[in-house]
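Atoms within each ligand, like the ligands themselves, are counted from 1 in listed order. Each residue takes its place number in the sequence, starting with 1. Keep in mind it's a predicted model, so treat the numbers as computed, not measured.
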Amino acid sequence: MAGEFALIERLLKQAPAQAKTAPGLLLGPGDDCALIAPPAADEVFAITTDMLVEGTHFLSTDDPADLGWKTLAVNLSDLAAMGARPRYVTLAVSLLATDDSTGWVDQFFSGFTDCAKQYDVSLIGGDTTCGPRSFSVTAFGTVKPQKALRRSGACAQDDIWISGTPGMAALGLTHKLSTIVLPAALEATASAALHHPLPRVALGLALAGLAHSCLDVSDGLLQDLGHITQASGLSATLELAALPPTPPGVDKAVWQQCLLGGGDDYELLFTASPNNRAGIEALATQLALPLHRIGQMHADGKAGTITLLDPHQKPVDLSQLRQGFDHFA
Ligand code: ADP
Ligand code: MG
């Protein structure tokens, strides 16, 4: 390495210029701490951390620019899921000693700053060490506390909605790690979903005050819906027919596993009153983002139970399904 300090200086020079004059930012990177002003009087900070570790979340052969994008995107997705506006981020990196001279870190950082620019967030500090590759971002957003989208806010009879096409990222991963063959266009879509997720920030902001509960699907649709049902003390039914159908050229069982148990989608799963259906459908048009109404929350039944119904309203057997990702399972 050219040295830690030279590396930090070089990277920070590449950070987007707009970020250095961001509202509320009193002092950016370079001192022992950054200084940021409290948010507006009626707002609070929403704060989240996510890390990506080589071998667990990515492979050494993955494209570094994609990885830089994803490292930030997954954190902005958590802010989106809370209905918060992304404002500031810190970035802690552990890099291989060779990552500087090979240009790997510059590519990583270019992907990171692309994402920062696109979502208008400021990099306000971080840490740089040498070791096995891992990346940790802490993201600060702002939200009106009464509008923050909590997992515990779902109500009985709420509709359950999901954005985009859940299962695509898992399909991309399955393709990457196995021998399944996908039609070329689908392979590109699935690979983009896996490597270049788009945090649903505009959707999250629009849902604040409209939806009752929300989270981003990072560990699998069923498992993540389980977090909402548990936190809200309710049960849920999902309609298989309302979920994205098996894409042409994909095995049905593979797709069902990706759709229901696959992670990494970063789509928003939310519940809302049936009175808001028209408003949510209008939002889908406005954001050019498909929003699927896939089920309903219920007060009866054991809290946390999720039943998947086939088109004849018969429960689908889920015993063969891996329901989601658990790092310690
Ligand atoms: P300290 O030893 O006080 O923690 P560092 O030498 O780690 O300071 O960092 C110097 C400055 O550079 C700090 O303001 C820190 O926030 C910033 N910095 C270090 N690494 C990064 C990084 N990966 N991304 C953004 N800022 C960083
Ligand atoms: Mg430090």
Side-chain angles (χ1 to χ4, degrees), residues 1-39 45-80 84-142 195-197 199 201 266:
M1 285 225 205
E4 176 189 335
F5 303 106
L7 173 62
I8 295 171
E9 202 180 312
R10 199 178 77 237
L11 293 182
L12 288 176
K13 273 205 190 112
Q14 298 167 33
Q18 107 277 3
K20 297 183 181 109
T21 54
L25 180 60
L26 307 181
L27 183 65
D31 213 311
D32 296 310
C33 292
L35 297 175
I36 51 179
F45 280 121
I47 303 169
T48 181
T49 297
D50 252 331
M51 65 195 300
L52 273 78
V53 174
E54 188 168 298
T56 302
H57 302 96
F58 64 91
L59 303 177
S60 62
T61 48
D62 282 351
D63 178 71
D66 278 342
L67 199 58
W69 172 282
K70 188 166 176 175
T71 296
L72 180 53
V74 300
N75 281 276
L76 301 186
S77 176
D78 279 321
L79 293 180
R85 180 179 300 285
R87 302 288 299 275
Y88 318 102
V89 295
T90 63
L91 168 66
V93 302
S94 172
L95 296 165
L96 305 180
T98 48
D99 283 342
D100 192 7
S101 59
T102 59
W104 194 96
V105 61
D106 290 270
Q107 289 178 57
F108 173 91
F109 202 70
S110 81
F112 185 93
T113 52
D114 280 349
C115 188
K117 258 187 239 167
Q118 182 139 336
Y119 292 92
D120 199 20
V121 291
S122 313
L123 179 62
I124 62 168
D127 201 18
T128 305
T129 68
C130 198
R133 280 188 195 132
S134 83
F135 307 96
S136 175
V137 166
T138 298
F140 298 73
T142 48
H195 294 297
H196 210 266
V201 170
Y266 304 101

Exercise for the section: For ligand 1, indicate whether the residue L12 contacts it via side chain, backbone, both or neither (heavy-atom separation under 4.0 Å). Expected result: side chain
Handout entry: SB check D106 R10 (cutoff 4.0 Å)
Key = yes
Handout entry: Step-by-step side-chain contact (heavy atoms from CB on, under 4.5 Å) determination, Y88 to T138
Key = CA-CA 8 Å; Y88 318 102; T138 298; over 6 Å; no
Practice task
Answer yes if the side chains of S134 and S94 hold a donor-acceptor pair under 3.5 Å, and no otherwise.
Solution key: no
Completion exercise
Counting from 1 in the order shown, the ligand 1 atoms closer than 4.0 Å to a non-hydrogen atom of D31 are 13 (C), 14 (O)
Exercise for the section: Below 4.0 angstrom from a heavy atom of D32, which ligand 1 atoms are there? Numbered from 1 as shown, please. Expected result: 3 (O)
Handout entry: Which segment of T90 sits under 4.0 Å of ligand 1 when only heavy atoms are counted
Key = neither
Completion exercise
The atoms of ligand 1 lying under 4.0 Å from a heavy atom of F5, numbered in the order shown, are 6 (O)
Practice task
Answer yes or no: does atom CD of Q14 have more than 12 heavy-atom neighbours from other residues, nucleotides or ligands under 6.0 Å?
Solution key: yes
Practice task
Measure T128 to ligand 1 on non-hydrogen atoms and call it side chain, backbone, both or neither using the 4.0 Å cut-off.
Solution key: both
Practice task
Evaluate the criterion ring-ring contact (aromatic ring centres under 6.0 Å, His included) for residue pair F112 and F135; output intermediate values, then yes/no.
Solution key: CA-CA 11 Å; F112 185 93; F135 307 96; 9.3 Å; no
Practice task
From atom 18 (N) of ligand 1, work out which of P29, S136, G126 has a heavy atom at the shortest distance.
Solution key: G126
Practice task
Using a strict 4.0 Å cut-off to heavy atoms of L91, name the atoms of ligand 1 that fall inside it.
Solution key: 22 (C), 23 (N), 24 (N)
Problem - Test of proximity, V93 against ligand 1: N or O pairs below 3.5 Å - result: no
Handout entry: Candidate list V89, N75, L76, test side-chain contact (heavy atoms from CB on, under 4.5 Å), partner C115, passing option
Key = L76
Practice task
Taking only Lys NZ, Arg NE, NH1 and NH2, and the carboxylate oxygens of Asp or Glu, determine whether D120 and R87 approach each other closer than 4.0 Å.
Solution key: no
